[in-house]
Amino acid sequence: MRDSTVKFEGRVLYLTEDVAELKAQLYDGVPLDYDPNRKLVDNISTDELTPGWVCYYYDETLARYCLVGLRGGNIEKDAIKNGKFSVIVSGVSKGCGSSRETAPFSELKAGIQLVIAKNIEKIYGQNCQNIGLLTSTDFTLLERIKNGEEISIEEFTKGLDEIAAEIVRHGGLFAYNKARLAGTTVPTATSTAKRPMTLCEKIIANRAIADAKTGALGVTAVKPGDALFVRTDVRFSHEYVTPMAEALFKMGLGEDAKINDPKSVFAFRDHLTFLDRVMPQKHIDMGLKEQAASLATVQQKFADTQGVRLYGEVERDGKTVGSEGICHNIVIEDLAEPGQLVIGTDSHTCMAGAIGCFAFGVGSTDMANSWFTKDVRVKVPESVRVNLTGELKSGVCGKDVMLHLLSDEFFKTGAGIGKVLEFAGAGTMALSLDERATLTNMAVEAGGFTGIIEADEVVVEQIHELRGTDKDYLRSQIVKADDGASYVKTIDIDLSKVVPTVATPGDPRNGIALDDFKKGKGNVHIDIAYGGSCTGGKKADMDMYAEVVRKATDKGHTLKAKTYIQFGSQRIRDYAQKMGYVQLFEGAGVELIDPSCGACIKAGPGVSFEADEVTVSAINRNFPGRSGPGDVYLASPYVVVASAFLGHVGGPDEL
């Protein structure tokens, strides 16, 4: 257990938008007092805390690069560590973006004890708890810290569920679980009476650990705020995270620790497949090429030792060409089933919600713990019901729906943090599975816990077609929300009123109708058009790209920007080949890329190299530095390819 009080003897760093003030704190030792009128940096993503290249490290070296990706590039290597800071303060939404535990780990190892922000994003906050980094949204603590007070640990458990509070008191997840498994701390059993439940609540109730000793599953009901452990069905990690999770696994459980039920654990070599094509020379000179390559080697050894299925690289014509597929696409194609509980070391794990799974991203510590226990902790989230009605107009798709939804003030203000987005309504169920996957994939861009859609015959037919799974069995696994279930908010969207939408650089929540954008900005020149990633590399996306390419080339247009299309899996590439899209794309001058996360995480063709380069992209997030130093506009597959032929951000109608 931690001590009952904690004292913060280091300095307080205010991440202020005033660059002079920020640098004065960092490099001149100038202290600042709390001023509620001081403008603090909002929406600090995990990409800014630890940029993609920093994640090639998975040990205390991370401390040296803490916050080097913060917009403006004003925080240098070792600045946080050498500054002797113990508290970091920022504005709205700290830790948005990916599930990378490297972000809070870098802060912790740089000497930070406490993170204060107006909102703490769900996955980032849980990762902080897991490793013992304190968080708070109470800015009144700053005066007490300045006065040298010892602060009760209970100040940092306020508003937390019982399990999270106990993890904070124990100083981290492994310490807590040792106590839990030893019986010295026992979570209070959920005793919620029978009630109508949402889709995710029902799956949680089905998978709840009712008795840790016997392994009995299932409780009568759960409600938002209930804290419990739940049994996982699918657990997966990729090469970016597997080495860190394995190191934590051995650190917490011993060198000879074995995975519980390795048949339900999967590893993916899908994030850094093409990194060598785009790694800057300065990173090569830093030894990062070898460091990054070691991640795949460590993961391969881990998979071989533990008996875990590794989805690796594939060969074509005697050459290694790319990954078998991006983890999220493969989980839907090969692994998950309706009604299951899926966890992965990536925030876009929620994509599997498209087939009726409760699927969400976790950090390295949560994954390492699940390898041993096969369970994961959950605080039952509130759900937002998103009812879609009507039909989409021609040239409008699921990506437009999500960019439109994310621009709602509910999400822009951080009110959606930790919520489930449960999509329903006739408009939802009329969408193809690929389009549904776009909705659930980008739920995390709302700060959401996950996204989910009730499985139906569309899901049953597609899984049967892909895997041969018995249809009656799949139907028997489908979970449905109860009539009368309670939702914290209901949002109704008439799909016929959704228009082509773009998100301006900096945040996926910056959505604006394309027509309004053009009225205000005119023709914004682009240098790069990128179609791909888990979000934009599905079969339906290929259909959209092909539709616009045909239209453009038939009218004599040629590409005005460097254009890339990347497949989400080898199955999707085979589909494109069968449909004649490969020949169509290549004939138009598009560079095709085999499956990998690639440009979405600044690790493959399609990234920018200069700050003045502008990209229009079908990926899911455009946080600063995410895909290179240049600005990134998010848009639908239709708009991405149309923009490539136009040379500026625009839609197919301009062709």
In Å, rounded to the nearest 0.5 Å, how long is the span from [atom1] of [X] to [atom2] of [Y]?
| X | Y | atom1 | atom2 | value |
| --- | --- | --- | --- | --- |
| N622 | C600 | CG | SG | 10.0 Å |
| L495 | H404 | CG | NE2 | 9.0 Å |
| L439 | C350 | CG | SG | 11.0 Å |
| T501 | L514 | OG1 | CG | 8.0 Å |
| M442 | I619 | CE | CD1 | 9.0 Å |
| Y564 | T615 | OH | OG1 | 9.0 Å |

Say whether, by atom type as modelled, one donor and one acceptor occur between the side chain of [X] and the main chain of [Y] under 3.5 angstrom.
| X | Y | result |
| --- | --- | --- |
| S569 | I572 | yes |
| T320 | E315 | no |
| D233 | A336 | no |
| H557 | L646 | no |
| D541 | K538 | yes |
| Q570 | P595 | no |
| E101 | S364 | yes |
| K602 | A599 | no |
| R309 | K263 | no |
| Q477 | G339 | no |

Quick check on [X]: does its [atom1] atom have over 12 non-hydrogen neighbours (other residues, nucleotides or ligands) under 6.0 Å away?
| X | atom1 | result |
| --- | --- | --- |
| K289 | NZ | no |
| E591 | CD | yes |
| E654 | CD | yes |

Electrostatic pair [X]:[Y] at N-O distance under 4.0 angstrom:
| X | Y | value |
| --- | --- | --- |
| R436 | D456 | yes |
| K562 | E613 | no |
| K471 | E461 | yes |
| D47 | R621 | no |
| R571 | D574 | no |
| D472 | R475 | yes |
| K539 | E465 | no |

Before giving the answer on side-chain contact (heavy atoms from CB on, under 4.5 Å), spell out for Y240 and I601 the whole-Å C-alpha distance, their side-chain angles and the decisive distance to 0.1 Å.
CA-CA 11 Å; Y240 237 155; I601 55 166; 3.6 Å; yes
Can you name the closest pair of heavy atoms from [X] and [Y] and give their distance?
| X | Y | result |
| --- | --- | --- |
| I528 | V607 | CD1-O, 3.5 Å |
| Q291 | Y58 | NE2-CE2, 4.2 Å |
| M367 | F236 | CE-O, 3.2 Å |
| G97 | T46 | C-OG1, 3.8 Å |
| G506 | P624 | O-CD, 3.6 Å |
| K518 | H648 | NZ-CD2, 3.5 Å |

Given I512 and T504, is the side-chain contact (heavy atoms from CB on, under 4.5 Å) satisfied, shown in steps?
CA-CA 8 Å; I512 180 172; T504 57; 4.2 Å; yes
Look at the aromatic rings of F268 and Y311 and report parallel, tilted or perpendicular, splitting at 30° and 60°.
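Judged by the thresholds at 30° and 60°, the geometry between F268 and Y311 is parallel.
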Looking at side-chain heavy atoms only, is the closest gap between [X] and [Y] below 4.5 Å?
| X | Y | value |
| --- | --- | --- |
| F567 | V582 | yes |
| C397 | M544 | yes |
| L433 | E435 | no |
| V641 | T563 | no |
| L559 | V590 | yes |
| T438 | L431 | no |
| R573 | Q566 | no |
| R509 | N43 | yes |

Hey, mind stepping through F423 and I452 against side-chain contact (heavy atoms from CB on, under 4.5 Å) and telling me if it holds?
CA-CA 6 Å; F423 295 91; I452 192 167; over 6 Å; no
Side-chain H-bond candidate by donor/acceptor type, [X] with [Y], under 3.5 Å:
| X | Y | value |
| --- | --- | --- |
| Y575 | D543 | yes |
| S432 | D434 | no |
| T232 | S370 | no |
| T469 | R467 | no |
| D346 | H328 | yes |

Please, which pairs that meet ring-ring contact (aromatic ring centres under 6.0 Å, His included) have at least one residue in residues 438-475, sequence neighbours excluded?
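Non-adjacent pairs meeting ring-ring contact (aromatic ring centres under 6.0 Å, His included): F358-F449, F360-F449.
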Would you mind telling me which of V444, N329, V342 makes a side chain to side chain contact (heavy atoms under 4.5 Å, CB included) with M351?
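Passing option: N329.
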One pair to check against side-chain contact (heavy atoms from CB on, under 4.5 Å): I453 and T440. What are the steps and the verdict?
CA-CA 8 Å; I453 300 170; T440 57; 3.9 Å; yes
